[in-house]
Asks: 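Handing you a structure now.
Keep in mind that this is a model prediction, so the values were computed, not measured. One is the number of the first residue; the rest follow in order along the sequence.
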Amino acid sequence: MCGVAVLLLCACDGAARQRRQLLSQYPLDRARAAVQLAELGDHSAIHALVNLLEDDDRAVRMYTIVALKRLCGEDHGYHYYDPQPQRAAAVARWRDALRRGAVTARRADAGTTPPATRPSPIQAAAGVPAAEGETDVRGDGRR
């Protein structure tokens with residue numbers, strides 16, 4: 001029983017640390033934090049992630065929308081590469097949906113592949129092959 005409590009405490013501490021990293025001065029820290037919060041399933045970070053959609057760094061925006069899609073299953077028409085006016089309109093849609101309570105968090109098992117068989121979003125975006133014994137998520141037969 002104590003082991004479970006320690007694991008939960010560690011997971012909460014890790015999520016809190018990652019939420020703080022969303023405010024880092026370094027874009028790589030912010031991008032990693034967004035990915036890790038999604039991997040942890042930290043739904044309490046959704047508001048902070050929506051704010052990060054306005055980041056100046058293109059990669060941070062990309063990993064943030066990947067994280068939000070993973071946590072919520074939707075993107076509200078946001079594309080990290082769009083010009084600023086279109087991104088601002090999509091962020092406004094996100095904020096409106098949050099205000100109305102229309103953003104729902106996905107359950108960890110809702111149509112997702114088990115973590116042991118998929119690469120992280122960073123690995124997938126970078127084209128890092130899955131480790132031996134992992135599922136071929138790209139569908140091209142490579143490992």
Side-chain angles (χ1 to χ4, degrees), residues 3-131 133-143:
V4 172
V6 169
L7 283 174
L8 289 174
L9 183 58
C10 289
C12 291
D13 182 48
R17 189 173 343 123
Q18 294 307 319
R19 283 191 300 275
R20 284 191 303 273
Q21 285 297 308
L22 292 176
L23 302 174
S24 171
Q25 70 183 39
Y26 303 107
L28 182 58
D29 290 343
R30 296 191 303 271
R32 282 183 179 159
V35 170
Q36 296 214 342
L37 287 165
E39 288 176 353
L40 290 170
D42 186 2
H43 297 107
S44 66
I46 291 172
H47 283 80
L49 289 169
V50 169
N51 290 336
L52 209 55
L53 292 173
E54 295 178 308
D55 199 276
D56 290 335
D57 189 276
R58 184 181 182 118
V60 171
R61 296 192 309 263
M62 180 185 73
Y63 287 114
T64 300
I65 194 60
V66 168
L68 284 166
K69 282 186 195 179
R70 187 165 180 188
L71 289 170
C72 304
E74 55 191 297
D75 63 14
H76 292 283
Y78 181 90
H79 302 108
Y80 71 94
Y81 49 81
D82 278 346
Q84 197 281 329
Q86 283 102 330
R87 290 194 322 263
V91 170
R93 288 191 296 274
W94 268 102
R95 290 192 173 128
D96 181 56
L98 286 169
R99 249 188 317 278
R100 291 183 290 110
V103 173
T104 56
R106 289 174 87 178
R107 288 190 9 216
D109 62 345
T112 61
T113 307
T117 62
R118 67 170 184 253
S120 74
I122 290 177
Q123 290 171 322
V128 174
E134 291 185 347
T135 302
D136 171 26
V137 294
R138 290 184 300 270
D140 61 5
R142 292 185 303 165
R143 288 194 183 263

Asks: Do any N or O atoms from the side chain of His43 and from the backbone of Gly41 form a donor-acceptor pair under 3.5 angstrom?
Replies: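 Yes.
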Asks: Grab the two heavy atoms, one from Ala31 and one from Tyr63, that are nearest each other, plus how far apart they are.
Replies: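 Ala31 and Tyr63 have their closest heavy atoms at CB-CD1, 3.8 Å.
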Asks: With sequence neighbours left out, what residues match Arg30 under side chain to side chain donor-acceptor pair (under 3.5 Å)?
Replies: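 So Arg30 forms a side chain to side chain donor-acceptor pair (under 3.5 Å) with Asp55.
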Asks: In chain order, what residues pass the side chain to side chain donor-acceptor pair (under 3.5 Å) check against Arg99, with sequence neighbours excluded?
Replies: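 For Arg99, no residue satisfies side chain to side chain donor-acceptor pair (under 3.5 Å) once neighbours in sequence are set aside.
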Asks: Please name the pair of heavy atoms, one in Val60 and one in Thr64, separated by the smallest distance, quoted to 0.1 Å.
Replies: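 Val60 and Thr64 have their closest heavy atoms at O-OG1, 2.6 Å.
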Asks: Shortest non-hydrogen contact from Arg61 to Arg87?
Replies: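 Answer, listing the atom of Arg61 first, then Arg87: NE-NE, 3.4 Å.
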Asks: Please give me the minimum heavy-atom distance between Tyr78 and Val91, naming the atom from each residue.
Replies: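 It is CE1-CG2, 3.9 Å.
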Asks: Measure across Leu71 and Leu37 and return the closest heavy-atom pair with its distance rounded to 0.1 Å.
Replies: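 Result for this residue pair: CD2-O, 4.3 Å.
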Asks: Going by heavy atoms in the side chains, are Trp94 and Leu68 under 4.5 Å from each other?
Replies: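 The answer is yes, as the side chains (C-beta and beyond) meet within the 4.5 Å cut-off.
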Asks: Does Ile65 offer a backbone N or O that forms a donor-acceptor pair with the side chain of Tyr80 under 3.5 Å?
Replies: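 No.
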Asks: With sequence neighbours excluded, tell me which residues meet side chain to side chain donor-acceptor pair (under 3.5 Å) with Arg58.
Replies: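 Expected list: none.
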Asks: Taking the side chain as every heavy atom from C-beta outward, state whether Gln18 and Asp42 have any pair of such atoms under 4.5 Å apart.
Replies: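 Gln18 vs Asp42: side chains apart.
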Asks: Rounded to the nearest 0.5 Å, what separates atom CG in Leu98 from atom NE2 in His76?
Replies: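 Here the interatomic distance stands at 7.0 Å.
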Asks: Could I get the full list of side chain to side chain donor-acceptor pair (under 3.5 Å) partners for Asp57, not counting sequence neighbours?
Replies: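 For Asp57 there are no side chain to side chain donor-acceptor pair (under 3.5 Å) partners, ignoring immediate neighbours.
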Asks: Show me the donor-acceptor pairs, under 3.5 Å and distance only, between side chains in residues 20-27 and residues at least two apart or in other chains.
Replies:
unit_1	atom_1	unit_2	atom_2	d
Ser24	OG	Tyr26	N	3.0
Ser24	OG	Asp29	OD2	2.9

Asks: Applying ring pair (Phe, Tyr, Trp, His ring centres under 6.0 Å), name anything that partners His47, two or more places apart in sequence or on another chain.
Replies: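 For His47, no residue satisfies ring pair (Phe, Tyr, Trp, His ring centres under 6.0 Å) once neighbours in sequence are set aside.
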Asks: Are Leu49 and Arg19 close enough that some pair of their side-chain heavy atoms sits under 4.5 Å apart?
Replies: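 Not in contact.
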Asks: Any idea which heavy atoms bring Gly77 and Arg93 closest together, and the distance?
Replies: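 Of all heavy-atom pairs spanning Gly77 and Arg93, the closest is O-NH2, 3.6 Å.
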